[in-house]
Protein chains: 2
Amino acid sequence: MRASERAYAALRSDIIEWRLTPGTVLGEVELSERLGVSRTPIREALAKLSAEGLAKPQSGRGVVVSEISLDHLDELFELRSALECRAAELAAQRGDPAVFRALYEQLVNAGELLTSEDPTRYDYYRLVGELDTAVDAAVGNHYLNLALKNLRVHLVRVRRLGKDNPTRLRDAAREHAAIALAIANGNAAVASAATTVHLDNSLRHLLGTAAQELAHHHVSPEKGTP
Amino acid sequence: MRASERAYAALRSDIIEWRLTPGTVLGEVELSERLGVSRTPIREALAKLSAEGLAKPQSGRGVVVSEISLDHLDELFELRSALECRAAELAAQRGDPAVFRALYEQLVNAGELLTSEDPTRYDYYRLVGELDTAVDAAVGNHYLNLALKNLRVHLVRVRRLGKDNPTRLRDAAREHAAIALAIANGNAAVASAATTVHLDNSLRHLLGTAAQELAHHHVSPEKGTP
DNA sequence: GCAAGACCTTTTGTATACATAAATTGTGTA
DNA sequence: TACACAATTTATGTATACAAAAGGTCTTGC
């Protein structure tokens, strides 16, 4: 694996998993020492992160981990709604009903995956991710998929803002099941509407629980690893 | 201005304006000699172009100007429809009616801008661009605007595929006027529908005239400047 | 005591040299 | 003659040295 890719992957996961908090300054020399590579691959990694929106160039000098604020949440979900509603419509028109019916069956029982044994909710999020993947495959649109992929990077980062709430996750699974069912039935209008409802519920839940989390994480610009 | 920015801007306009055709290999040494800078800023420029989708890394080795095919056109317009329809809806809800009424007045008379004096249609496309800008401002969504900006890069590139057809441009102006009017009236549903109609007309016109153009441009991978 | 300017430090931008990997070409053998 | 393997060549990946710019600090003058 190339050093620039390793650096990129390391920084990316550090940012997504909140080990590097918003506002953290990403100095080239510091990172090159910490990751054990020269500045050249570090610069390439930072450029890629900036293009993705996970970091952004500080006015003229320096790169910092980009902010996630409550205002951003509204805007993020507005874009998400535009893309995912259309994706759901197209999947309903083009997808294989059997695939989505199978996903529906799994999703209605997804509550069972929410055991206290797995605090990271690995299996739960894997199943939800499978629905996303199936929708992407059914849509079969390179550009739309790319836009969704770019968006999901930020959504994973946002997920950490919400408290782990099994009740909400169970509801969310039911909403996902409704989407899968509408797609399986080939009903584009219902698929879109179910997506709208799901996203609205998710956003309101996040806004309700995220305020204190943000206040905790969103400290003034600091330097180095937390 | 930094050398990497100059290189990026030069390559970007070369690609958008078809001086570098799809499939052209972008060699680092060749470009560094042609543009008179070292490989380092060239690499940075190529990374940025790849992130934008204007170029893409050849399997493992080399970077080439990305392709534009008829299949891509369908997919590109599908994403465009998702983003612009939603943007039009939001602009109708949030925009200043006076701004869009003024744009409407200009757009209904846009046919007058299509003189034979200006074969590049500068004033025409500037006015259409003003509508885009006004919609972006009215929507006020950073993420949605960014997604639209990334998309428009490819649309400018695609524009060259269609023949210059004053009749179609006049029709397109009327369609834009209809969108502006719906936004001015605060009617989100009509704004979205008018956008859908406009994009469908544009796509069908492009597909009708682009086949021979593509056949002309889409030669097998070549090297160097055309 | 405050402000302005110069210098010094720190960090980024660029060039270049070197290492490494991939593609192509040439040669040998079947 | 065709295929395979190896060597050469060419391009990319990485490191490092140097240059330039931005920010901070210290000093000096008012």
Side-chain angles (χ1 to χ4, degrees), chain A residues 1-15 20-67 220-226, chain B residues 1-12 14-15 20-67 219-226:
Chain A
M1 200 186 206
R2 292 182 304 190
S4 61
E5 289 177 29
R6 272 189 293 121
Y8 166 73
L11 288 172
R12 187 186 141 102
S13 73
D14 280 350
I15 294 174
L20 288 173
T21 56
T24 304
V25 175
L26 300 171
E28 296 179 5
V29 282
E30 176 206 335
L31 291 174
S32 70
E33 285 166 10
R34 180 157 75 85
L35 300 177
V37 293
S38 80
R39 279 179 52 217
T40 308
I42 293 289
R43 286 175 66 82
E44 217 155 299
L46 291 179
K48 232 169 157 180
L49 291 170
S50 301
E52 251 181 326
L54 287 177
K56 79 176 192 184
Q58 189 100 293
S59 62
R61 198 180 181 79
V63 173
V64 299
V65 179
S66 60
E67 302 283 340
S220 50
E222 62 185 312
K223 184 164 174 152
T225 56
Chain B
M1 200 187 203
R2 289 181 307 188
S4 61
E5 290 177 30
R6 271 188 294 120
Y8 167 72
L11 288 173
R12 187 185 140 100
D14 279 351
I15 294 173
L20 289 173
T21 56
T24 304
V25 175
L26 300 171
E28 296 179 5
V29 282
E30 177 206 333
L31 291 173
S32 71
E33 284 166 8
R34 181 157 74 85
L35 301 176
V37 293
S38 80
R39 279 177 53 216
T40 309
I42 294 288
R43 286 175 67 81
E44 218 155 300
L46 290 179
K48 233 171 157 178
L49 291 170
S50 300
E52 251 182 324
L54 287 177
K56 81 176 190 185
Q58 189 99 295
S59 63
R61 197 180 180 82
V63 173
V64 299
V65 178
S66 60
E67 301 283 339
V219 288
S220 50
E222 61 183 317
K223 186 164 174 156
T225 55

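No hydrogens, no waters, no symmetry mates; every other heavy atom, side chains included, goes into these values. Each chain gets a letter, A, B and so on, in the order its sequence line appears, and its residues count up from 1.
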**Request:** Please report, rounded to the nearest Å, how far the C1' atom of D:dG13 is from the OH atom of A:Y8.
**Result:** 18 Å
**Message:** As an exercise, state the distance from OG1 of B:T21 to CG of B:D14, rounded to the nearest 0.5 Å.
**Reply:** 11.0 Å
**Prompt:** In whole angstrom, what separates B:E30's CD from D:dT10's C1'?
**Reply:** 14 Å
**Request:** Whole angstrom is fine here: how far is it from CD in B:E33 over to C1' in D:dT10?
**Result:** 13 Å
**Message:** Once side-chain contact (heavy atoms from CB on, under 4.5 Å) is applied, do any residues pair with B:A55, and if so which ones, sequence neighbours excluded?
**Reply:** B:L26, B:L49, B:S50, B:V63
**Request:** Report yes if some heavy atom in the side chain of B:R6 is under 4.5 Å from a heavy atom in the side chain of B:L35; otherwise report no.
**Result:** no
Any protein N or O atoms within reach of nucleotides 20-25 of chain D? Criterion: under 3.5 Å, listing atom names and distances.
residue: D:dA22; atom: O4'; partner: A:R61; partner atom: NH1; Å: 3.0

**Message:** Let me confirm one number: the CG-OG distance from A:L20 to A:S13, rounded to the nearest 0.5 Å.
**Reply:** 8.5 Å
**Asked** Between the side chain of B:S66 and the main-chain N/O of B:L54, is any donor-acceptor distance below 3.5 Å?
**Response** yes
**Asked** If you find the nucleotide of DNA chain D closest to A:P41 and the one closest to B:L26, which residue's nucleotide is nearer the 5' end?
**Response** B:L26
**Asked** In whole angstrom, what separates A:R2's CZ from D:dA15's C1'?
**Response** 16 Å
**Asked** Taking all atoms of both residues into account, what is the closest heavy-atom pair of A:A3 and A:P41, and its distance?
**Response** C-CB, 4.0 Å
**Request:** Could you state the atom-to-atom distance from CD of A:E28 to P of C:dT11 in whole Å?
**Result:** 10 Å
**Prompt:** side-chain contact (heavy atoms from CB on, under 4.5 Å) with B:E5: which residues, sequence neighbours excluded?
**Reply:** B:M1, B:R2
Protein-nucleotides 16-20 of chain C N/O pairs under 3.5 Å:
residue: C:dT16; atom: O4; partner: B:T40; partner atom: OG1; Å: 3.4

**Message:** If the condition is salt bridge (Lys or Arg N to Asp or Glu O under 4.0 Å), which residues does A:E28 pass it with, not counting sequence neighbours?
**Reply:** A:R39, A:R43
**Asked** Whole-Å distance between C:dT11 C1' and A:L31 CG?
**Response** 13 Å
**Message:** Which residues in residues 42-57 of chain B have a heavy atom closer than 4.0 Å to any atom of DNA chain C?
**Reply:** none
**Request:** Could you tell me the separation between the CD atom of B:E5 and the P atom of C:dG13, rounded to a whole number of Å?
**Result:** 9 Å
**Prompt:** A:A3 side chain: which of D:dG13, D:dT14, C:dT14 is closest?
**Reply:** D:dT14
**Prompt:** Which pair of heavy atoms, one from A:A45 and one from A:S4, lies closest together, and at what distance?
**Reply:** CB-O, 4.0 Å
**Asked** Nearest 0.5 Å, what's the CG-CD1 distance between B:L11 and B:I42?
**Response** 6.0 Å
